[in-house]
Peer 1: 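I'd like to ask you about the structure that follows.
Sequential numbering from 1 along the given sequence is applied to the chain's residues. Atoms within a ligand are numbered from 1 in the order they appear, just like the ligands themselves.
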Amino acid sequence: MTALPGQARAVVVGGGIVGCSTAYHLAKMGWEVLLLERHKLSGGSTWHAAGLVGQLRSQAGVTQLLGHSVALYDRLERETGLATGWKMNGGLRLACTAPRLIELKRQATTARSFGLEMHLLTPREAQELWPLMDVSDVVGAAFLPTDGQANPSDITQALARGARVHGATFVEDCDVTGVGVERGRVTGVVTDQGAVACEVVVNCCGQWAREFGELAGVNVPLVSVQHQYLVTEPIAGVTAELPTLRDPDRLTYYKEEVGGLVMGGYEPDPLPWAVQGIPPGFHFTLLDGDWDHFEQVMRLALPRVPALETAGVKSLINGPESFTPDGNFILGEAPEVRGYFVAAGFNAFGIASGGGAGKALAQWIVGGEAPYDLWAVDIRRFGSPHRDTGWVRRRTLELYGKHYAIAWPFEEHESARPLRRSPLYGLLESARACFGEKLGWERPNWFAPPGVEPRDQYSFERQNWFEHVAAEHRATRERVAVFDQSSFAKFLVVGRDAARALSWICANDVERAPGTVAYTQMLNSRGGIECDLTVARLDGETFYLVTGTGFATHDAHWIRTNVPAGLDAHLVDVTSAYAVISVMGPAARDVLSALSADELSNAAFPFARVREIRVAGAPVRALRITYVGELGWELHVGVDYAVSVYEALMQAGQAHGIANAGYRAIESLRLEKGYRAWGSDLTPDHTPLEAGLGWAVKLGTDVDFLGREALVRQRTAPGTKRFAGFTVDDPDVVLIGRETIYRDGERVGWLTSAGYGHTVGCAIGYGYVRRVAGIDREFLSAGRYELEVATQRVAAKIHLEPLYDAGMERIKM
Ligand SMILES: Cc1cc2nc3c(=O)[nH]c(=O)nc-3n(C[C@H](O)[C@H](O)[C@H](O)COP(=O)(O)OP(=O)(O)OC[C@H]3O[C@@H](n4cnc5c(N)ncnc54)[C@H](O)[C@@H]3O)c2cc1C
């Protein structure tokens, strides 16, 4: 038995595939690592996984991470001398309906965008790869040749051996019972064999990660759900070369195992597990097979693989696994405690992700920043709603039940709603709002006119709200519209050194006179964009920051961790204190002037200024900024006054044809104006120079800021990618994002966001054009462009200026 050392630089808790992979990568990077497992390696969820390894996800970063798993599994056996069961037998995916085929085609284009090989096949070609299946209901298929399968326990042991070779220490039968935290930073762990001092703790506790997180006050929002698959005796015709198979319309997946089949499924009515807590001693343990529940999956599988009818059944595996409320796993430094990292909640793709997730997390720990854009899996995407396990469970079960459902564009979740409501919610509901949800907030997406049901009808074509959003868009461009943006995250940064602190973390100059508003990015050391927000200076020591709803935890964490030590600057989250009512459009001043005695002329209240004014008797912090490209104000108003202000605006606006408008209209309006969105257009992978936001960076001053060095370096070399806009004239083309960009027939990038511009009257997309040999305006303008949309190429035009009001006349009037 290995003795427990008294200290290690990093302690990884949990010896499943993810913990072993993290230890392997950390050790390889030269870190002193100790892995502690309460029982034996792989005895959690890992040992009973089916072992399919797929790669394609809808986010480039996660697809890249899964590709790293495949690259590792492909060499691990040679490297460690231990068998891993890895084989790159490819992955087959079926479509049985017309919409599913469109989804498959869009996925094939996404794969192409991300540089992953994925071929479309006819049903007959698919059957040649998988002769046992009946394809009478199949309308198309796709094949990913580099997907594969592995033996989960073997791969875990191989990773552990690799880690040990590089110096990691493993101690099994060691229960970690506590985490030492002092002044918000990890100091060590407490175990049933003694204490270990460390700088970094990594929570890789699988379905135990939530309760383990609680020991240090860290929220890991995941719950256990039962997941079942059947294992058969050998079946004639099942060969080792058989690709893995996913049959989403029949909710099932398959892989070959010792001449037989593994067949599992995602039932729409999943069974939660361990609602009262995971029983002690649950290790290398299975739940009882639930044949009654599995029958629905079996009934769907039999017509596809008739041989299952007569195959001998070895076992029905029922294993619990951790799932999360958005179907993605949880990675990164916990916002609550410095030095506390999490890699958990793998939603039944932990074998596929293990290799890449361990690598990414090790790079994150060593480098202090995510190595590439991992926002989709970043632990900071969660917020206050995710602290309630009941809420998390309800949403998670919805996601599990929809695992194989078509992922429609613009789809909203239905469970656990409504939770967070702006003071205007009831009024907007009466005004026939169709709400969407973000971080628990109900937000109006669009408004249904009388006689139209405020409900989304999903499709890959134009959806039912298209015309209604067009009307809201026109109201904003031609008259005036009101948007409830109360869900914005809002912070105060206060203190003697607030200006110095913000000046260091903001790329733009924010140390301006009180009353000024700056649009800025916050950058990582590579110059990549970590935050994109508005900073309003209220007085010498007080700044008011406004950022996107979903970025509340992320941005607060980024600011708190990057303010230089010793400065007197404190961040206070004031999101719940203020509603935000945005009044936008050419008549915005007329409407506001009717309700306010304050001077609102362009001279008295110019663009990019903040003023405390009164509107309909209410004290209002008015920011003259816009995300829709029109004259307008964001009115930040105490929640107690919000209803009165809204009512007064709608009353005063009647004469000007005022309209309610929602988030889908904002999207259309901002696309025309070329405003970028963080999380898609702007990410930690792109710098402001690449994003065309050099004008918002204070490189012209000698003020130092985080990321400056990287930008200075980048400025002197020819850039290799550049953000650009694209339009498509064909009115039948629907752009939703991830379409491939071609320049002179060569793949050069993909759309990071897309939609429809109702003023310009065409589909619009944005993305980065890449060229290793260097890129400039001339190169961009000289090309002939096409976009690949659901595997079809369509002609496109490139735009390097905003499509709407490039001169800013509309905004500054
Ligand atoms: C039926 C089923 C089929 C699946 N099929 C697939 C598939 O085909 N492909 C795929 O990619 N994924 C699949 N998965 C998912 C996969 O099994 C998991 O995502 C993966 O194993 C998670 O690994 P992990 O390391 O995060 O967690 P685990 O393997 O659960 O490891 C966590 C470890 O932490 C230890 N631990 C917990 N608390 C403590 C503590 N306080 N102190 C010390 N140690 C502690 C536990 O003992 C455990 O060993 C499947 C899952 C199930 C249930």
Side-chain angles (χ1 to χ4, degrees), residues 11-23 35-55 66 69 73 91 147-153 155-156 159 171-179 189-193 201-215 220 222 224-231 244 246 253-255 257 262-266 273 278 280-287 289 315-324 329-331 342-358 361:
V11 172
V12 176
V13 186
I17 188 166
V18 176
C20 290
S21 171
T22 307
L35 184 143
L36 302 177
E37 164 55 50
R38 116 185 329 160
H39 295 293
K40 300 289 177 207
L41 299 186
S42 88
S45 292
T46 296
W47 72 282
H48 54 59
L52 282 78
V53 176
Q55 292 169 88
L66 290 160
S69 292
Y73 300 164
D147 276 2
Q149 64 183 64
N151 181 322
S153 296
I155 235 169
T156 305
L159 287 165
V171 180
E172 292 176 290
D173 300 311
C174 180
D175 193 6
V176 184
T177 54
V179 176
V189 295
V190 180
T191 80
D192 56 1
Q193 296 177 23
V201 167
V202 194
N203 175 349
C204 295
C205 292
Q207 60 178 342
W208 295 268
R210 177 164 50 84
E211 58 189 53
F212 183 72
E214 280 166 11
L215 297 177
V220 186
L222 53 79
S224 301
V225 183
Q226 302 182 37
H227 185 65
Q228 302 200 91
Y229 64 81
L230 180 89
V231 188
T244 61
R246 289 177 182 79
Y253 62 82
Y254 304 79
K255 76 157 208 190
E257 192 165 288
V262 160
M263 185 277 286
Y266 285 87
W273 186 68
I278 300 170
F282 190 88
H283 196 68
F284 281 120
T285 314
L286 289 173
L287 308 175
S315 53
L316 178 63
I317 303 286
N318 185 356
E321 155 75 336
S322 57
F323 288 83
T324 64
F329 54 88
I330 305 172
L331 207 66
V342 178
F346 278 86
N347 291 275
F349 68 110
I351 307 307
S353 320
L361 194 64

Peer 1: Side chains of Ser224 and Gln207: do they bring a donor and an acceptor to under 3.5 Å?
Peer 2: yes

Peer 1: Is any side-chain heavy atom of Pro152 closer than 4.5 Å to one of Ile17?
Peer 2: no

Peer 1: Heavy-atom distance under 4.5 Å between the side chains of Asn203 and Val13, does that happen here?
Peer 2: no

Peer 1: What residue and heavy atom of the protein are closest to atom 41 (N) of ligand 1, and at what distance?
Peer 2: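 Here the nearest protein heavy atom works out to Val176 O, 3.0 Å.
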
Peer 1: Determine whether any heavy atom of Ala344 lies closer than 4.0 Å to an atom of ligand 1.
Peer 2: no

Peer 1: Around atom 34 (O) of ligand 1, find the nearest protein heavy atom and jot down its residue, atom name and distance.
Peer 2: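 Protein heavy atom at minimum distance: Gly14 CA, 3.2 Å.
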
Peer 1: As an exercise, state the distance from CZ of Arg210 to CG of Leu222, rounded to the nearest 0.5 Å.
Peer 2: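 CG of Leu222 is found 6.5 Å from CZ of Arg210.
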
Peer 1: Ile351 versus ligand 1: do any nitrogen or oxygen atoms come within less than 3.5 Å of each other?
Peer 2: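 Yes, since at least one N or O of Ile351 sits under 3.5 Å from an N or O of ligand 1.
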
Peer 1: Checking side-chain polar atoms at under 3.5 Å, does Asp192 have a donor or acceptor matched by the opposite partner on Thr177?
Peer 2: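 Distance-only check fails for Asp192 and Thr177.
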
Peer 1: Going by the order shown, which atoms of ligand 1 are within less than 4.0 Å of some heavy atom of Gly319?
Peer 2: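 Here the atoms of ligand 1 in question are 53 (C).
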
Peer 1: How far is atom 51 (C) of ligand 1 from its nearest protein heavy atom, and which residue and atom is that?
Peer 2: Glu321 CB, 4.1 Å

Peer 1: Hey, looking at atom 3 (C) of ligand 1, which of Gly43, Ala357, Ala50 has the closest heavy atom?
Peer 2: Ala50

Peer 1: Determine, considering heavy atoms only, which of His48, His39, Gln149, Arg38 sits nearest to atom 52 (C) of ligand 1.
Peer 2: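 That would be His48.
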
Peer 1: I'd like to know whether the aromatic ring centres of Tyr266 and His227 sit less than 6.0 Å apart in this structure.
Peer 2: yes

Peer 1: Considering only heavy atoms of Cys174, which atoms of ligand 1 have at least one such atom less than 4.0 Å away?
Peer 2: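 Listed by number with element, the hits are 43 (C).
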
Peer 1: Could you state the interatomic distance from NE2 (His39) to CG (Asp173), rounded to the nearest 0.5 Å?
Peer 2: 8.0 Å

Peer 1: Which one holds for Tyr229 and ligand 1: side chain close, backbone close, both close, or neither close, with close meaning a heavy atom under 4.0 Å?
Peer 2: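 It is the side chain that gets close, since no backbone atom is under 4.0 Å.
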
Peer 1: Using a 4.0 Å heavy-atom cut-off, which part of Val13 comes near ligand 1: side chain, backbone, both, or neither?
Peer 2: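 The answer is the side chain.
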
Peer 1: Before signing off on this row, confirm whether Ala352 and ligand 1 have an N or O atom pair separated by under 3.5 Å.
Peer 2: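 N/O-N/O distance below 3.5 Å exists for this pair.
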
Peer 1: Pairs of nitrogen or oxygen atoms closer than 3.5 Å, one from Ser42 and one from ligand 1: do any exist?
Peer 2: no

Peer 1: Can you check whether Ile17 has an N/O within less than 3.5 Å of an N/O in ligand 1?
Peer 2: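 Such a contact does occur with ligand 1.
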
Peer 1: How many angstroms lie between atom CG of Leu286 and atom CD of Gln226, to the nearest 0.5 angstrom?
Peer 2: 11.0 Å

Peer 1: At under 4.0 Å between heavy atoms, which part of Ala343 makes contact with ligand 1: side chain, backbone, both or neither?
Peer 2: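 Neither; nothing of Ala343 gets under 4.0 Å from ligand 1.
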
Peer 1: Please tell me if the side chains of Arg246 and Leu52 come closer than 4.5 Å, counting only heavy atoms from C-beta onward.
Peer 2: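 Of all side-chain heavy-atom pairs linking Leu52 with Arg246, at least one is under 4.5 Å.
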
Peer 1: State, yes or no, whether a side-chain contact exists between Gln193 and Val171 at a heavy-atom distance under 4.5 Å.
Peer 2: yes

Peer 1: Roughly how far apart are Met263 CE and Tyr253 OH, rounded to 0.5 Å?
Peer 2: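 That separation rounds to 9.5 Å.
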
Peer 1: Provide the number and element of each atom of ligand 1 under 4.0 Å from a heavy atom of Leu52.
Peer 2: 7 (C), 8 (O), 9 (N), 10 (C), 11 (O)

Peer 1: Is the side chain of Asn318 donor-acceptor paired with the backbone N or O of Leu316 at a distance under 3.5 Å, no angle test?
Peer 2: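 No, because the side chain of Asn318 does not come within donor-acceptor range (under 3.5 Å) of the backbone of Leu316.
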
Peer 1: Provide, to 0.1 Å, the distance between atom 36 (N) of ligand 1 and the closest protein heavy atom, together with that atom's residue and name.
Peer 2: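 Nearest protein contact, heavy atoms only, for atom 36 (N) of ligand 1 is Cys205 SG, 4.1 Å.
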
Peer 1: Can you tell me how the ring of Phe282 sits relative to the ring of Trp208, calling it parallel under 30°, perpendicular over 60° and tilted otherwise?
Peer 2: tilted

Peer 1: So, regarding Gly350 and ligand 1 (criterion: nitrogen or oxygen to nitrogen or oxygen, under 3.5 Å), is there a contact or not?
Peer 2: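 Indeed, backbone or side chain, Gly350 has an N or O that close.
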
Peer 1: Checking a contact table here: which protein heavy atom is nearest atom 49 (O) of ligand 1, and how many Å away?
Peer 2: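 Sorting protein heavy atoms by distance from atom 49 (O) of ligand 1 puts Glu37 OE1, 2.7 Å first.
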
Peer 1: Any chance you could measure Asn151, atom CG, to Tyr73, atom OH, to the nearest 0.5 Å?
Peer 2: 12.0 Å

Peer 1: How far is atom 23 (O) of ligand 1 from the closest protein heavy atom, and which atom is that?
Peer 2: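 Minimum-distance protein heavy atom for atom 23 (O) of ligand 1 reads Thr46 OG1, 3.3 Å.
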
Peer 1: What protein heavy atom sits nearest atom 1 (C) of ligand 1, and how far off is it?
Peer 2: His227 O, 3.3 Å

Peer 1: Relative to the heavy atoms of Phe346, which atoms of ligand 1 are at a distance of less than 4.0 Å?
Peer 2: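 What qualifies from ligand 1 is 19 (O), 26 (O).
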
Peer 1: Within the 4.0 Å heavy-atom shell around Leu36, which atoms of ligand 1 are there?
Peer 2: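 Near Leu36, meaning under 4.0 Å from one of its heavy atoms, ligand 1 has 43 (C), 44 (N).
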
Peer 1: Give the contacting part of Ala209 toward ligand 1: side chain, backbone, both or neither, where contact means a heavy-atom distance below 4.0 Å.
Peer 2: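 Ala209 to ligand 1: no contact under 4.0 Å from either part.
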
Peer 1: Would Val18 count as a polar contact of ligand 1, with the cut-off being nitrogen or oxygen pairs under 3.5 Å?
Peer 2: yes

Peer 1: Could you tell me whether Ser353 approaches ligand 1 through its side chain, its backbone, both or neither, with non-hydrogen atoms closer than 4.0 Å?
Peer 2: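 Within the 4.0 Å criterion, Ser353 makes no contact with ligand 1.
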
Peer 1: At what distance, to the nearest 0.5 angstrom, does CD1 of Ile155 lie from SG of Cys20?
Peer 2: 11.5 Å

Peer 1: Tell me whether the centres of the aromatic rings in Phe329 and Phe349 are closer together than 6.0 Å.
Peer 2: yes

Peer 1: Would you say Ser322 contacts ligand 1, with heavy atoms under 4.0 Å as the rule?
Peer 2: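 No heavy atom of Ser322 comes that close to ligand 1.
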
Peer 1: Starting from atom 12 (N) of ligand 1, which protein heavy atom do you reach first, and at what distance in Å?
Peer 2: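 The closest heavy atom on the protein side is Ala348 O, 3.1 Å.
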
